[in-house]
Engineer: 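Next up is a structure, given as structure tokens.
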Amino acid sequence: MMRNQLPSGVRDELGASAQIKEQIVATIQRYFAKRGFEKVITPVVEYQDVFEDYDVGQKKLFKFLAADGNMVVLRPDLTLPLARVISSTNIKLPAKFYYTGDIFRINRALSGSQDEMTQAGAELIGFDSVKAEQECLVMMMQLSDRLALTGVQLELGIARFAKLILESLVADERQVRQIEDALFQKQVTQYNQLIAPFEKAALYPLLRIWPRLFGPAATVLETVSQFTFPAVIQRELDELRQIVAWLADKFGEQDVQIDLSAKAPQDYYTGITFQAYSDHSSSYLFSGGRYDHLLAHFQETNVAAIGLGIDIERLVEIKQATAPTQPMTYIYFDDQQWALAEQKLMTLDRAQLCLADSREQAQQIADAHEGRLLDLTKEASI
Amino acid sequence: MTDRIKIALTKGRVEKQTVPLMEAAGFNMAPVRDKQRKLIFDLPDDPYTVILAKGPDVSTYLSQGAVDIGIVGSDILTEQQSQAYELLDLGIGKCQFVLASTADFDPKASKRKVIGTKYPLITQRYFAERGEDVEVVKIEGSVELAPLIGMADAIVDITETGTTLRENRLQIYDRLQPVSTRIVVNPMSLKQHRKAIFDLVDRLNAVITQPENV
């Protein structure tokens, strides 16, 4: 009954979209390789424990029992498996890695979302210098360029900004979570009720405007400069300010945004976060950040680390929407014309050999695919 | 692609109550008022396109980025686990989730109850919080029928005044969360059209916080 059907949430990729995907992946892989990053391929199947404690993919995973009786999952994330590799294989650090692979997260059924998604990314492990953040930002800008994206906006954030501020105001962890959730979801009505008890706090004016604390970097930095923050937050803001100044100095024409009201792109981020979107994207195309505590999930010691993920599916959507569709040229030739046909094939942009034995059959094939027929037998006779 | 901002508006009761609010906020809603059989309208004086859709679809369109703004009941947002930003409670379309059944229903009966509802997730959560496991039956149309025809022991549904429940001789056994109409926004759209979206939200907020409208 199900012999020729797919389960909901997965799909086949054919023709143009499959080729666009391959080209995008090739561009990205070449780029990382050229920068001296090392390739890592990890399996699709991992023990569930690898992802435990982290909110990846809203916790809905493809799970099954391994032969040893432990629960295994189809990986919902590519950074955690890499951290597992590093903690278990004596890799000399610092080191830089890149990867491409499919991740699996179960979305609401029949919602039009895909459960299998291709991601690419890079991880810089063992670097605590801000130069690591800077290399990621440079890579985002250069890759946007190579992928010919338009209207690209860089967006910076501080992963623990909300948590640190709220913990300086509220002792109760549940209340911190509640306010954080309302802020991140911008449930403004509920948020306003939750912050009302802090009317006397010095940071209350910030709480009031917090859900709208995003926009052009200069504006957001100007706004936060009016407040006095606890030292730990001030340090992160100073670092953010430095990065913005560095971007303005070296890449003056790049638009830079800051969002201090949003949830960090990953649960495990601890420092500066960075994302990018283009004028045609319906979600972020690049997203990354520092995650200095993640390795401690797998081993005794912490290692400074920073990662950058790239949403290949969204890139394919954008490229597909803007790519012109060119008809295929079918090269019809006779037995004596192999060399000529091969030569044509190599010089034409979108062409294939037509393997028909008669001209009529060749025309039928071309017509069926709305293509163009290039008849070499006719050309030769002229 | 145009630069118009797409608003998915839940058709029916939400639409009827939202259109006057939009007008009070200074939007020319004439095309929506005179809609005939059309479902998509460009507002003449503002860069917005209004799309009429069923509530659950508003949430789906929004999560797929097909529209920028949704105007939809919080019942649907909760049931669909919407991840969109919820910028404003319009304070209209107010109603309440209730547990209701016939007079002979015993909430304390020791059995695995059968509950009919249009909202399986909300129903499961409600009973899970009480440490109770129930059999949820998804009903698409008149949920009130389920206990009357012996299809379910009770129902979880929304009610505005309780009239329909009373007319069907159903009693309210418990009140769950209240419901109202919300303005929700696709997170990426808010970044791309910050000014226009906040402008809409602020104008509507100004209307609903005026004393005569409360």
Side-chain angles (χ1 to χ4, degrees), chain A residues 55 57-60 106-114 150-155 157 181-193 209 211-216 219-220 255 257-259 261-263 265 275-285 287 311 313-314 317-318 321-322, chain B residues 1-3 6 56-70 74 76-92 94 120-121 138 177-195 197-202 204-205 208-209:
Chain A
D55 179 17
Q58 298 165 346
K59 295 208 167 67
K60 285 191 183 155
I106 301 178
N107 293 289
R108 196 163 55 81
L110 308 178
S111 65
S113 307
Q114 295 302 318
T150 52
V152 173
Q153 301 279 341
L154 287 188
E155 186 183 288
D181 285 349
L183 173 72
F184 291 158
Q185 280 290 118
K186 296 211 199 300
Q187 295 179 330
V188 177
T189 310
Q190 199 189 348
Y191 170 82
N192 286 338
Q193 286 164 6
I209 57 164
R212 295 191 184 190
L213 198 53
F214 65 93
T219 317
V220 174
D255 282 321
Q257 311 276 324
I258 290 178
D259 189 344
S261 66
K263 188 172 157 71
Q275 296 179 283
Y277 55 93
S278 83
D279 48 5
H280 291 296
S281 56
S282 56
S283 66
Y284 292 102
L285 302 170
S287 126
D311 188 336
E313 306 296 340
R314 297 291 176 189
E317 271 172 33
I318 293 174
T322 51
Chain B
M1 290 278 271
T2 60
D3 278 344
K6 296 191 204 74
D57 296 340
V58 171
S59 172
T60 304
Y61 296 166
L62 207 61
S63 69
Q64 291 293 311
V67 299
D68 304 297
I69 300 177
S74 57
I76 285 156
L77 296 171
T78 310
E79 183 65 29
Q80 303 235 345
Q81 298 176 283
S82 160
Q83 297 293 309
Y85 288 158
E86 208 179 293
L87 293 187
L88 188 63
D89 182 345
L90 283 177
I92 55 172
K94 280 189 177 170
L121 187 77
K138 175 98 193 271
Q177 67 260 43
V179 171
S180 61
T181 304
R182 311 288 164 92
I183 301 264
V184 281
V185 174
N186 175 284
M188 195 81 267
S189 298
L190 186 60
K191 296 283 163 66
Q192 287 157 334
H193 308 287
R194 175 198 172 106
K195 205 168 162 291
I197 290 175
F198 277 140
D199 175 57
L200 174 98
V201 168
D202 291 341
L204 282 169
N205 190 37
I208 61 173
T209 47

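Side-chain atoms are counted along with the backbone in the values below, which use heavy atoms only and exclude waters and symmetry mates. All chains are named by letter (A, B, ...) in the order of the sequence lines, taking the proteins before the strands, and each is independently numbered beginning at 1.
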Engineer: Please find the pair of heavy atoms, one from B:Tyr85 and one from A:Phe184, that lie closest to each other, and give the distance.
Structural biologist: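 For B:Tyr85 versus A:Phe184, the nearest heavy atoms are CE2-O, 3.1 Å.
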Engineer: What option among A:Phe214, A:Tyr284, A:Tyr191 has the most heavy-atom pairs under 4.5 Å with chain B?
Structural biologist: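 Between A:Phe214, A:Tyr284, A:Tyr191, the count favours A:Phe214.
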Engineer: Taking every heavy-atom pair that is under 4.5 Å apart, which of A:Gln187, A:Gln257, A:Gln190 has the most such pairs with chain B?
Structural biologist: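 Top option by heavy-atom pairs under 4.5 Å: A:Gln187.
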Engineer: Considering all heavy atoms of both residues, which atom of B:Gly65 and which atom of A:Ser282 are nearest to each other, and what is their separation?
Structural biologist: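 Where B:Gly65 meets A:Ser282 most closely, the heavy atoms are CA-CB, 4.4 Å.
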Engineer: How many angstroms lie between atom CG of B:Leu90 and atom OG1 of A:Thr189, to the nearest 0.5 angstrom?
Structural biologist: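 It is 9.0 Å, given to the nearest 0.5 Å.
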Engineer: For B:Ser82, which atoms come within 4.5 Å of any heavy atom of chain A: side chain, backbone, both, or neither?
Structural biologist: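 The backbone, not the side chain.
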Engineer: Which answer fits B:Val185, side chain, backbone, both or neither, if we ask what part of it has an atom under 4.5 Å from a heavy atom of chain A?
Structural biologist: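 For B:Val185, neither part sits under 4.5 Å from chain A.
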Engineer: Is A:Glu155 close to chain B through its backbone or its side chain, or both, or neither, when contacts mean heavy atoms under 4.5 Å?
Structural biologist: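 Looking at A:Glu155, just its side chain touches chain B.
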Engineer: Report which part of B:Leu87 has an atom under 4.5 Å of a heavy atom belonging to chain A: side chain, backbone, both, or neither.
Structural biologist: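 Contact with chain A involves both backbone and side-chain atoms of B:Leu87.
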Engineer: B:Asn186 versus chain A, heavy atoms under 4.5 Å apart: side chain, backbone, both or neither?
Structural biologist: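 Just its side chain gets close to chain A.
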Engineer: Tell me, out of B:Lys191, B:Gln80, B:Arg182, B:Gln64, who's got the most heavy-atom pairs with chain A below 4.5 Å.
Structural biologist: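 That would be B:Lys191.
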Engineer: Measure distances from B:Ala84 to the heavy atoms of chain A and classify the residue's part below 4.5 Å as side chain, backbone, both or neither.
Structural biologist: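 Backbone only.
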Engineer: Please name the pair of heavy atoms, one in A:Asp279 and one in B:Gln192, separated by the smallest distance, quoted to 0.1 Å.
Structural biologist: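 Reported closest heavy-atom pair: O-NE2, 4.0 Å.
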Engineer: With a 4.5 angstrom heavy-atom cut-off, is it the side chain or the backbone of A:Ser261 that approaches chain B, or both, or neither?
Structural biologist: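 Interface part for A:Ser261: neither.
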Engineer: Within the side chain of B:Glu86, is there an N or O that forms a donor-acceptor pair under 3.5 Å with the backbone of A:Val188?
Structural biologist: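 No, because the side chain of B:Glu86 does not come within donor-acceptor range (under 3.5 Å) of the backbone of A:Val188.
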